[in-house]
There are 2 protein chains.
Amino acid sequence: MPQAPAAAADTKVLILHAARRRFADHGYEGTSLNDIADDVGIRRPSLLHHFPSKEAIYRAVLFELVGDWTALVTAAVQDPTTGWGQVERVLSAAFEFFEQHTDFVRLARREAIDGGPFFDEIATGLQPLFDRAVGFLEKEMRAGRLRRHNAPQLLLAGYGAILSYFSDAPLITVLLGTDPLSKESLRVHRREVVDLFRNALDPR
Amino acid sequence: MPQAPAAAADTKVLILHAARRRFADHGYEGTSLNDIADDVGIRRPSLLHHFPSKEAIYRAVLFELVGDWTALVTAAVQDPTTGWGQVERVLSAAFEFFEQHTDFVRLARREAIDGGPFFDEIATGLQPLFDRAVGFLEKEMRAGRLRRHNAPQLLLAGYGAILSYFSDAPLITVLLGTDPLSKESLRVHRREVVDLFRNALDPR
DNA sequence: GGGATACCCTACCGACCGGTAGGTAGGAGA
DNA sequence: TCTCCTACCTACCGGTCGGTAGGGTATCCC
């Protein structure tokens with residue numbers, strides 16, 4: 001029983017959505033095209049009508065997410081605030097983004113660990129963001145609006161602390177005994193992390 | 001050309017060693033028994049003479065590492081020191097362990113993200129360690145030897161900051177432009193993280 | 001010497017992988 | 001109405017996966 005063809009754009013969106021979930025949950029190797037096709041409700045060869053290969057699907061998912069992340073950071077940095085206020089703004093924006101894009105966090109983590117075939121493009125995509133953040137921190141430290149630290153290392157520590165909470169949610173669920181992604185847990189975690197960095201950075 | 005059989009114990013050790021590297025580098029799905037067998041220098045069926053299945057090999061690798069980690073934490077906590085001094089001691093011990101067991105870090109990370117079939121046993125193995133650490137922090141906070149914080153969340157933030165530095169080394173290499181696992185980089189990172197937590201915890 | 005056992009091998013299995021070939025249904029435009 | 005295109009299908013490709021069967025050889029124990 002043949003099926004009425006859907007609009008190509010719609011199917012492509014459905015594929016990307018299903019693929020993002022699968023890749024985030026099980027990684028590149030742990031996801032088969034059949035898995036994705038089943039989620040969409042079509043057969044595998046029909047997937048490959050919309051994308052030339054599994055690799056192309058993965059790449060599309062990755063770039064979409066990096067694009068979202070870049071847009072958010074760019075917007076957050078637009079604001080001319082300085083000192084601790086700006087740091088807190090960016091921290092908050094990052095938190096909100098990660099809350100709403102847990103797939104992105106886990107995918108990024110997998111890429112960071114793997115150093116796989118797509119890794120280079122992702123890394124060079126993220127580097128300007130990192131450099132800009134380091135530049136901002138160092139400028140504010142020199143101006144005395146933030147306490148002096150090794151800016152890149154501090155940034156890495158912060159990125160690690162926040163990202164881990166979202167990427168390792170399955171483990172943290174067991175450790176805490178409650179859902180770490182619940183409104184209340186998120187509120188508490190966010191306050192704790194912001195506090196950690198205020199103690200380190202805010203000259204008061 | 002048949003080969004002289006080696007002592008079973010030796011081969012088993014070689015298998016576990018090769019498997020740990022492979023699983024850490026490429027994950028469970030991304031590692032085939034042929035990969036491991038090639039590293040050891042035997043054929044795949046010979047692997048399965050020493051272990052009943054791929055899953056059994058993975059499980060053995062995982063439990064060995066969790067055992068090492070448990071032993072280290074237990075030893076570090078043995079010391080009767082209190083307050084910030086004890087926190088700094090444990091932090092230092094963890095750093096050293098992670099430096100020497102980067103395979104463990106990446107494997108643990110993969111497990112934490114996946115929530116896979118082996119995950120439950122690992123998580124319940126780690127939970128007592130987590131609970132004990134939280135207990136220590138809260139005791140010291142009540143006694144006024146550490147500044148008050150939400151202990152579990154602070155611990156998670158710390159664990160995330162440190163672990164990420166090692167697990168995400170491939171990405172960080174690109175971001176920093178230097179080897180994050182070099183003696184000098186490690187020294188700087190360690191000082192920065194210890195500083196971060198001293199600012200938060202040490203009542204001075 | 002003769003088993004028994006431990007270790008490793010080649011040869012094979014069924015299942016699944018990503019990807020291709022070829023065909024069909026149905027809408028759009030001449 | 002004829003033609004072209006899109007979207008999807010079934011059937012198949014070569015190759016790899018984890019795992020098994022069965023044989024050969026070295027070593028240990030009697």
Side-chain angles (χ1 to χ4, degrees), chain A residues 1-62 107 110-111 114 116-119, chain B residues 1-62 107 110-111 114 116-119:
Chain A
M1 179 176 62
Q3 203 166 322
D10 290 359
T11 305
K12 250 185 160 163
V13 168
L14 289 177
I15 291 171
L16 285 175
H17 187 255
R20 188 172 61 214
R21 269 260 307 266
R22 286 280 180 180
F23 284 136
D25 284 349
H26 307 292
Y28 183 77
E29 312 273 1
T31 299
S32 80
L33 291 181
N34 276 325
D35 294 335
I36 302 172
D38 285 352
D39 286 353
V40 176
I42 59 180
R43 300 282 82 81
R44 176 167 35 87
S46 306
L47 271 194
L48 297 169
H49 169 75
H50 296 276
F51 293 91
S53 68
K54 179 185 182 181
E55 190 172 314
I57 297 178
Y58 188 67
R59 208 179 289 271
V61 166
L62 233 45
L107 266 173
R110 290 184 188 277
E111 278 301 310
D114 273 14
F118 323 97
F119 166 79
Chain B
M1 181 177 57
Q3 202 167 322
D10 290 0
T11 306
K12 247 185 161 165
V13 168
L14 290 177
I15 291 172
L16 285 175
H17 188 255
R20 187 172 61 214
R21 269 261 306 267
R22 285 282 180 180
F23 285 136
D25 284 350
H26 306 293
Y28 183 78
E29 311 274 2
T31 299
S32 79
L33 291 182
N34 276 324
D35 293 336
I36 302 172
D38 285 352
D39 286 353
V40 177
I42 59 179
R43 300 284 82 79
R44 177 167 34 84
S46 308
L47 271 194
L48 297 169
H49 170 75
H50 297 275
F51 293 90
S53 67
K54 179 183 181 182
E55 191 172 313
I57 298 178
Y58 187 67
R59 207 180 291 270
V61 166
L62 233 45
L107 266 173
R110 290 185 189 277
E111 278 300 310
D114 271 14
F118 322 98
F119 166 80

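Any value given below was found using the heavy atoms of this structure, including those in side chains, with hydrogens, waters and symmetry copies removed. Sequence lines set the chain letters: A, B, ... in the order given, protein chains first and strands last, and positions in each chain run from 1.
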Establish, with yes or no, whether the OP1 or OP2 oxygen of [N] is under 4.0 angstrom from a side-chain nitrogen or oxygen of [X].
X	N	result
B:Thr11	C:dC8	yes
A:His49	D:dC9	no
B:His50	C:dA6	no

A:Tyr58 and A:Leu107: CA distance, side-chain angles, deciding distance, side-chain contact (heavy atoms from CB on, under 4.5 Å) verdict:
CA-CA 10 Å; A:Tyr58 188 67; A:Leu107 266 173; 3.8 Å; yes

Which whole-number value in Å describes the distance from [X] [atom1] to [N] [atom2]?
X	N	atom1	atom2	value
A:Phe51	C:dT20	CZ	P	16 Å
B:Asp38	C:dC9	CG	P	11 Å
A:Leu47	C:dG18	CG	C1'	11 Å
A:Asp35	C:dC16	CG	P	11 Å
A:Ile42	D:dT10	CD1	P	12 Å
A:Lys12	D:dA7	NZ	C1'	13 Å
A:Glu55	C:dC17	CD	P	18 Å
B:Arg43	C:dC12	CZ	C1'	16 Å

Side-chain heavy atoms of B:Ile57 within contact of B:Leu33, under 4.5 Å
yes

Describe the nucleic acid contact of A:Leu48 in one word from base, sugar-phosphate, nothing, applying a heavy-atom distance below 4.0 Å.
base

Would you confirm whether [X], through its side chain, and [Y], through its main-chain N or O, come within 3.5 Å as a donor-acceptor pair?
X	Y	answer
A:Lys12	A:Phe51	no
B:Asp114	B:Glu111	no
B:Arg110	B:Asp25	yes

Just to be sure I understand the geometry, which residues of residues 16-32 of chain B put a non-hydrogen atom under 4.0 Å away from DNA chain C?
none

B:Asn34 side chain: which of C:dC17, D:dC17, D:dG19 is closest?
D:dC17

With the side chain of A:Arg44 defined as its heavy atoms from C-beta on, choose the nearest nucleotide among D:dC9, D:dG19, C:dG18.
C:dG18

Within 6.0 Å of NE2 in A:His17, more than 12 heavy atoms from elsewhere
no

Decide, yes or no, whether a salt bridge links B:Asp39 with B:Arg21 under the criterion of side-chain N to carboxylate O below 4.0 Å.
no

Toward the 5' end of DNA chain C, by each residue's nearest nucleotide, B:Pro45 or A:Lys54
B:Pro45

